[in-house]
Q: 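Dropping a structure here in structure tokens format, bear with me for questions.
Chain letters run A, B, ... following the sequence lines, proteins first, then strands; residues in each count from 1.
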Amino acid sequence: MSIDNDTARRVAKLARIKVEEADLPALAGEFNAILGFVEQLNEVDVEGVEPMTSVTPMRLKRREDVVTEGAQAGKVLANAPDAREGFFAVPKVVE
Amino acid sequence: MTDLNKLTISDARDKLRAGEITSVELTEACLKATEDAAALNAIVHPTPDLALEQAKAADTRIGQDDAPDLCGIPLGIKDLFCTKGVASQAASGILEGFKPEYESTVTSKLFDAGAVMTGKLNMDEFAMGSSNETSVYGNAVNPWKLDGTELTPGGSSGGSASAVAADLCLAATGTDTGGSIRQPAAFTGITGIKPTYGRVSRWGIIAFASSLDQAGPMTKSVRDAAIMLEAMCGHDPKDSTSANLAVPNFEAMLTGDIKGKTIGIPKEYRMDGMPDAIEALWAEGRAMMEDAGAKLVDISLPHTKYALPTYYVVAPAEASSNLARYDGVRYGHRAKMAEGDGITEMYEKTRAEGFGSEVKRRVMIGTYVLSAGFYDAYYNRARRVRALIKKDFEDAFASGIDAILTPATPSAAFPLGKKFNDPVQMYLNDVFTVTVNLAGLPGVAVPAGLDSDGLPLGLQLIGKPWQEGELLNFAQAIESRAGFVAKPEKWW
């Protein structure tokens with residue numbers, strides 16, 4: 001499988017990382033080197049093997065669906081690049 | 001007394017309790033050593049005021065005979081740990097200015113035990129790297145040099161390794177996703193242990209690949225690793241993968257007696273092109289284990305060669321998901337917007353500016369292997385191969401072995417810049433360590449010798465799940481026989 005510029009552009013878009021057009025060929029080349037390296041996984045017979053979900057045999061714990069620590073809006077917003085009136089502020093999302 | 005910063009944790013603990021030294025004196029020695037070591041670029045956010053405040057509190061506590069082992073001990077903390085009110089940015093530009101409002105479970109436990117934090121330590125960005133060269137702070141430098149050439153301290157916990165090897169602190173926290181504690185420990189002549197997955201809480205540690213990440217201590221001796229690991233371990237309801245198991249007294253398990261134990265030697269770890277020095281070191285390690293009364297058996301871990309490719313699917317996949325949170329909204333960097341830019345442009349520009357090239361590469365690889373049409377071919381296949389890698393170890397342990405001995409790294413520390421432009425060559429650094437993360441097992445790197453250039457080399461021991469105490473006992477058998485006392489000549 002060879003990654004072309006279109007695929008590299010699509011992946012960058014999915015990852016929400018801006019990549020300049022001029023940088024796409026180099027990026028596609030890097031993808032190809034890494035994916036070429038992982039290609040050897042196709043040699044392995046995985047017939048009947050379940051994909052691992054948890055490396056230690058344990059059931060995922062659950063907890064009551066209740067507020068444990070609330071009323072900390074100030075702390076939650078303290079590191080925001082733009083916080084106003086108790087909210088995170090972002091550019092217009094809906095036209 | 002001079003050079004207090006050169007003490008081990010165990011020696012400092014004994015001197016503190018005997019009243020021979022104070023934590024303030026010990027901490028001041030470490031802060032002074034740090035000031036003099038700017039050339040190593042190991043400590044990127046020094047916290048001298050906090051350290052002295054903690055040291056004074058520790059001295060009061062020691063005076064009241066209420067002193068856990070780590071009380072008054074100056075430690076460095078990897079920048080990946082969230083520390084309340086102190087910069088915590090995973091060596092990334094995207095977390096520029098981030099000061100957490102909370103304390104990670106590990107640092108909470110260390111501080112509850114009376115430990116002193118002298119600063120935050122350099123690392124590869126988001127722990128992605130094997131040379132500390134992907135850091136937004138610039139690379140850390142190994143205190144060991146080769147004919148005047150600056151060497152990498154390894155990565156991702158390169159600042160931790162450099163700081164401990166150069167005696168800037170008595171020990172440090174590290175994290176290990178594919179070898180990031182053990183490889184830098186081996187490159188700098190110190191000890192580092194990655195515990196069993198689930199042993200140490202991940203809460204408040206900035207996530208890279210959640211199914212692989214584990215924190216552990218990086219120390220000057222195996223005994224120190226036992227002491228510090230015990231303080232870091234324990235069940236945490238805030239980490240859903242944290243194991244609800246009692247934490248043994250690891251130090252008390254260092255009996256020195258490993259007679260009658262069986263050590264497996266995996267044939268697949270004999271790599272083509274492995275330097276003679278590594279082969280020789282491994283042979284010496286085998287002889288040391290036999291001298292200690294252990295029996296050696298050859299074992300096979302047939303899927304070893306697929307560990308790195310498996311890792312380079314699983315880890316980027318998890319990273320692409322974990323790092324989706326860096327969107328310029330809640331914390332850290334937000335790009336300047338152009339006229340007419342909407343929220344998508346904000347995300348794309350913020351992430352392009354904030355992430356370094358290796359992080360972008362891995363996030364995009366992860367995005368690709370998880371994308372529609374490729375998920376089964378890459379991600380699910382890798383998870384299947386991971387199950388086989390884990391089964392290799394289960395079969396080996398079921399055959400009656402107690403631990404596995406391997407080299408820690410395929411080479412000694414290499415010059416900075418040498419592998420930076422070839423990602424796949426860089427990835428090969430983790431060839432002996434990455435299997436352990438994929439299988440969730442404990443692994444320890446212990447310094448065992450010098451190569452012909454006078455650079456430190458480490459051996460790795462891999463243990464059964466939850467058997468960190470026994471594993472450290474094996475490591476101490478190596479440590480006491482190797483008699484590794486070499487220190488880098490001070491040039492910084």
Side-chain angles (χ1 to χ4, degrees), chain A residues 1 3 7-8 10-20 23 27 30-31 33-58 60-63 68-69 72 74-83 88-95, chain B residues 97-101 196-198 211 237 240-241 243 303 305-306 308-310 312-313 320 324 327-334 337 341-349 351-352 355 360-361 363-365 367-368 371 378 380-388 390 423-424 427 438-440 465:
Chain A
M1 164 75 51
I3 306 288
T7 309
R10 187 175 62 85
V11 170
K13 184 79 192 172
L14 282 172
R16 297 291 184 271
I17 295 174
K18 185 176 171 61
V19 177
E20 301 295 342
D23 297 330
L27 184 65
E30 288 173 1
F31 286 174
I34 295 168
L35 293 171
F37 176 64
V38 306
E39 208 65 19
Q40 39 181 319
L41 293 179
N42 291 328
E43 300 164 12
V44 185
D45 180 5
V46 294
E47 189 62 37
V49 180
E50 280 298 305
M52 183 187 284
T53 48
S54 171
V55 72
T56 45
M58 57 167 67
L60 195 60
K61 286 169 239 168
R62 295 168 186 215
R63 64 169 177 84
T68 50
E69 293 177 80
Q72 303 187 52
K75 285 186 176 182
V76 170
L77 294 169
N79 278 290
D82 189 1
F88 293 109
V90 295
K92 194 159 69 174
V93 178
V94 182
E95 290 299 326
Chain B
F98 177 57
K99 290 188 177 172
E101 294 286 333
T196 313
Y197 184 81
S211 79
S240 64
T241 59
H303 294 90
K305 72 175 278 206
Y306 301 109
L308 270 176
T310 299
Y312 277 97
V313 174
S320 77
D327 56 7
V329 174
R330 288 159 293 170
Y331 25 64
H333 177 73
R334 177 186 291 190
M337 313 273 289
D341 277 357
I343 194 151
T344 303
E345 288 78 10
M346 186 195 79
Y347 294 150
E348 290 178 349
K349 288 183 179 177
R351 290 161 65 80
F355 290 144
K360 285 186 217 177
R361 184 150 55 218
V363 166
M364 288 191 274
I365 286 285
T367 302
Y368 179 75
S371 64
Y378 287 104
N380 272 343
R381 174 166 283 268
R383 289 198 301 142
R384 288 194 163 93
V385 179
R386 184 177 178 187
L388 293 172
K390 179 166 183 256
V424 174
Y427 298 168
L438 290 168

Q: Go through the atoms of B/K360 and report whether side chain, backbone, both or neither lie under 4.5 Å from a heavy atom of chain A.
A: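 It is both, since atoms from each part get that close.
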
Q: Of the listed residues (A/L27, A/L77, A/N42), which shares the most heavy-atom pairs with chain B below a 4.5 Å separation?
A: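 Ranked by contacts with chain B, first place is A/N42.
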
Q: Give the minimum heavy-atom separation between B/G440 and A/V55, together with the two atoms involved.
A: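 In terms of heavy atoms, the two residues are closest at N-CG2, 3.4 Å.
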
Q: Would you give the length of the straight line joining atom CE of B/M346 to atom OG1 of B/T344, rounded to the nearest 0.5 angstrom?
A: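 Atom-to-atom, B/M346:CE and B/T344:OG1 are 9.0 Å apart.
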
Q: In Å, rounded to the nearest 0.5 Å, how long is the span from CE of B/M337 to CD1 of B/I343?
A: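 If we round to the nearest 0.5 Å, B/M337:CE and B/I343:CD1 are 8.0 Å apart.
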
Q: What part of A/R62 gets closer than 4.5 Å to chain B, counting heavy atoms only: side chain, backbone, both or neither?
A: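 For A/R62, neither part sits under 4.5 Å from chain B.
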
Q: Between A/A80, A/A83, A/P81, which shows the greatest number of heavy-atom pairs under 4.5 Å with chain B?
A: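 Highest number of heavy-atom pairs under 4.5 Å: A/P81.
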
Q: Counting heavy-atom pairs under 4.5 Å with chain A, which one of B/R351, B/K349, B/R330 comes out on top?
A: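 Ranked by heavy-atom pairs under 4.5 Å with chain A, first place is B/R330.
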
Q: Judged by modelled atom types alone, do B/R386 and B/S211 share a side-chain donor-acceptor pair under 3.5 Å?
A: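 Yes, a side-chain donor-acceptor pair sits under 3.5 Å.
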
Q: So what's closer than 4.5 Å to chain A heavy atoms on B/A324: side chain, backbone, both or neither?
A: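 For B/A324, there is no contact with chain A at all, as no heavy atom is under 4.5 Å.
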
Q: Which one wins on heavy-atom pair count under 4.5 Å against chain A: B/D341, B/T196, B/L308?
A: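 Among B/D341, B/T196, B/L308, the one with the most close pairs to chain A is B/L308.
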
Q: At a 4.5 Å cut-off on heavy atoms, which part of A/T53 comes close to chain B: side chain, backbone, both, or neither?
A: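 The answer is both parts of A/T53.
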
Q: Just give me the residue among A/K18, A/R63, A/Q72 that pairs up with chain B most often, heavy atom to heavy atom, under 4.5 Å.
A: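 Ranked by contacts with chain B, first place is A/K18.
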
Q: With a 4.5 angstrom heavy-atom cut-off, is it the side chain or the backbone of A/F37 that approaches chain B, or both, or neither?
A: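 Both backbone and side chain of A/F37 come within 4.5 Å of chain B.
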
Q: Counting only heavy atoms from other residues, nucleotides and ligands, does the tally under 6.0 Å from NZ of A/K61 exceed 12?
A: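 Yes, the 6.0 Å shell around NZ holds more than 12 heavy atoms from other groups.
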
Q: Tell me, yes or no, whether the heavy-atom count around A/E50 atom CD, taken from other residues, nucleotides or ligands under 6.0 Å, exceeds 12.
A: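 At most 12 heavy atoms, drawn from other residues, nucleotides or ligands, come within 6.0 Å of this atom.
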
Q: So, A/F31 versus B/Y368, ring centres under 6.0 angstrom or not?
A: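 That pair fails the under 6.0 Å test.
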
Q: What pairs with A/A33 under side chain to side chain contact (heavy atoms under 4.5 Å, CB included), at least two apart in sequence or on another chain?
A: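 With neighbours one apart ignored, the set is empty.
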
Q: Would you mind checking which part of A/A89 comes under 4.5 Å of any heavy atom in chain B, side chain (CB onward), backbone (N, CA, C, O), both or neither?
A: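 Backbone only.
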
Q: Nearest 0.5 Å please: distance from the CG atom of A/L35 over to the CD1 atom of B/I365.
A: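 A/L35 atom CG to B/I365 atom CD1 measures 4.5 Å (nearest 0.5 Å).
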
Q: Could you look at A/L60 and say if it's the side chain, the backbone, both or neither that has a heavy atom under 4.5 Å from chain B?
A: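 For A/L60, the side chain is the part near chain B, not the backbone.
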
Q: Find the one option among A/L41, A/T56, A/V46 whose heavy-atom pairs under 4.5 Å with chain B are most numerous.
A: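 Looking at each option in turn, the highest pair count goes to A/L41.
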
Q: Between B/V329 and chain A, with a heavy-atom cut-off of 4.5 Å, which part of the residue counts as in contact: side chain, backbone, both or neither?
A: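 For B/V329, heavy atoms of backbone and side chain both lie under 4.5 Å from chain A.
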
Q: Does any backbone or side-chain atom of B/M364 lie under 4.5 Å from a heavy atom of chain A? Answer side chain, backbone, both or neither.
A: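 Looking at B/M364, backbone and side chain both touch chain A.
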
